[in-house]
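Only one structure is covered here, and it is reproduced in the block below.
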Amino acid sequence: MKKAVAIFFMCIYMLSFSEMHQFLRIPVLIQHFVEHRHHDPAVSLLSFLKEHYIHQYVRDADYQRDNQLPFRHSDCCAVTTALSCECPVMTFIEWPVRTTEIKNEFILHDEDNHSLLSIADIFQPPRCA
């Protein structure tokens, strides 16, 4: 089960970053490898991939066949992804600007002329107004 899930996610990953028609050329890769094995049975898959993908392209007798291999060159030169979302309309409310200055009065005494800043006031129970 884990292997099937891993293959599934790997396929999704590869399809998201590659051109689909390149994957359709994979049978050409296999067939070309078989042709190389037919000429030289000592050729391994890694040496075949190294020859055709890692080293510089060599113009040899099968150069036309080499160009048919997948991921040899890119056919699509630009890929565009666009995401469109509708933003909500935002309205701004303009508040009236006050030209008069507001004076804040701080009262430090309660109705009994006791200071509200005394330490004993915080230990009293709440009072109803």
Practice prompt. Please list all pairs passing the salt bridge (charged side-chain N to carboxylate O under 4.0 Å, His left out) test where one or both residues lie in residues 39-59, with sequence neighbours left out.
Written response: none

Practice prompt. State which residues pass salt bridge (Lys or Arg N to Asp or Glu O under 4.0 Å) with Glu35; sequence neighbours excluded, sorted by chain then number.
Written response: Arg65

Worksheet item: Which ILVMFWY residues can you reach from Phe9 by hopping between side chains whose heavy atoms are under 4.5 Å apart?
Response: Met1, Val5, Phe8, Ile12

Discussion item. Holding to side-chain hydrogen bond (donor to acceptor under 3.5 Å, both in side chains), I want the full list of residues that pass it with Arg37, two or more places apart in sequence or in another chain.
Written reply: none

Response to the item:
ring-ring contact (aromatic ring centres under 6.0 Å, His included) filter on Tyr53, not counting sequence neighbours, yields none

Worksheet entry | Closest heavy-atom pair and its distance - Leu69, His32 | CD2-CB, 3.9 Å

Worksheet item: Is there a path from Leu24 to Leu29 through hydrophobic residues (I, L, V, M, F, W, Y) whose side chains come within less than 4.5 Å of each other?
Response: no

Worksheet item: In terms of the angle between their ring planes, are Phe48 and His52 parallel, tilted or perpendicular, with boundaries placed at 30° and 60°?
Response: tilted

Fill in: Leu49 with Ile30, same ILVMFWY side-chain cluster at under 4.5 Å
yes

